[in-house]
Amino acid sequence: MSRDDDCVLILAVVRRIPRGRVATYGQVAAQAGFPKRPRLAGYALSHLPTGHDLPWHRVINAQGRPSFDPEGPAYRQQLQRLADEGVPNVDGRIDLARYRWQPQSSAPVLD
DNA sequence: AGGGTGACGGGCC
DNA sequence: GGGCCCGCCACCC
């Protein structure tokens, strides 16, 4: 019950992040059923097969930044992709309070 | 078997 | 705000 199985669950959550929104690693992991294990989300995303169609760029860290070397290309590419779909950043930081994905199914309101 | 390494995060100072 | 430390745990020597 590890590795591939867990990754599938993580990636399934990433796939649901809508355009124009972002989610943190911790958020994705928790939603996939792995609270307190943000690194699992990081692991899953770091081993994506080439040619995948997952919106990997919509996953950022809890500080609201891409978890890449700010000097490297991946960092800028992620920001670029987000900007292209309407998620702005100020100096590489995204306003999580405003753009965080809030799945409606996380806390069903019943009465 | 043991130590190091992450696309992390929270707590502290 | 920023930096450090530590918990976390799958993986890879």
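Throughout, protein chains are lettered first and strands after them, A, B, ... in sequence-line order, and every chain is numbered starting at 1.
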Quiz item: What's the CZ-C1' distance between A:Arg37 and C:dC9, to the nearest Å?
Solution: 6 Å
Quiz item: So, the side chain of A:Gln27 versus the backbone of A:Thr24: is there a donor-acceptor pair under 3.5 Å, distance only?
Solution: yes
Quiz item: What's the CG-C1' distance between A:Asp69 and B:dG6, to the nearest Å?
Solution: 14 Å
Practice problem: Measure from the side-chain heavy atoms of A:Pro38 and tell me the nearest of B:dA7, C:dA10, B:dG9. | Solution: B:dG9
Quiz item: Separation of A:His52 atom NE2 from B:dA7 atom P, in whole Å?
Solution: 15 Å
Quiz prompt | Identified side chain to side chain contact (heavy atoms under 4.5 Å, CB included) partner of A:Val59 from the options A:Val22, A:Ile10, A:Ile17 | solution = A:Ile17
Practice problem: Could you work out which one of C:dG7, B:dG10, B:dA7 sits closest to the side chain of A:Ala62? | Solution: B:dG10
Quiz item: Which whole-number value in Å describes the distance from A:Leu40 CG to B:dA7 P?
Solution: 14 Å
Quiz item: To the nearest Å, how far apart are A:Ile10 CD1 and C:dA10 P?
Solution: 12 Å
Self-check item: Gap between atoms CG and P, on A:Leu11 and B:dA7 respectively (whole Å)
Solution: 15 Å
Quiz item: Looking only at heavy atoms, what is the nearest atom pair of A:Ala23 and A:Trp101, with distance?
Solution: CB-CE3, 4.3 Å
Quiz item: Side chain of A:Arg39: nearest nucleotide among B:dC8, B:dA7, B:dG9?
Solution: B:dC8
Quiz prompt | A:Thr24 vs B:dG9: side-chain N/O to OP1/OP2 distance below 4.0 Å | solution = yes
Exercise. Report the distance from atom NZ of A:Lys36 to atom P of B:dC8, rounded to the nearest whole Å.
Key: 16 Å
Self-check item: salt bridge (Lys or Arg N to Asp or Glu O under 4.0 Å) contacts in which one or both residues fall within residues 54-79 of chain A, not counting sequence neighbours
Solution: A:Arg58-A:Glu85
Practice problem: Report which part of the nucleic acid A:Tyr25 touches: base, sugar-phosphate, or nothing (heavy-atom distance under 4.0 Å, all strands). | Solution: base
Quiz prompt | Whole-Å distance separating the CZ atom of A:Arg93 from the P atom of C:dG2 | solution = 7 Å
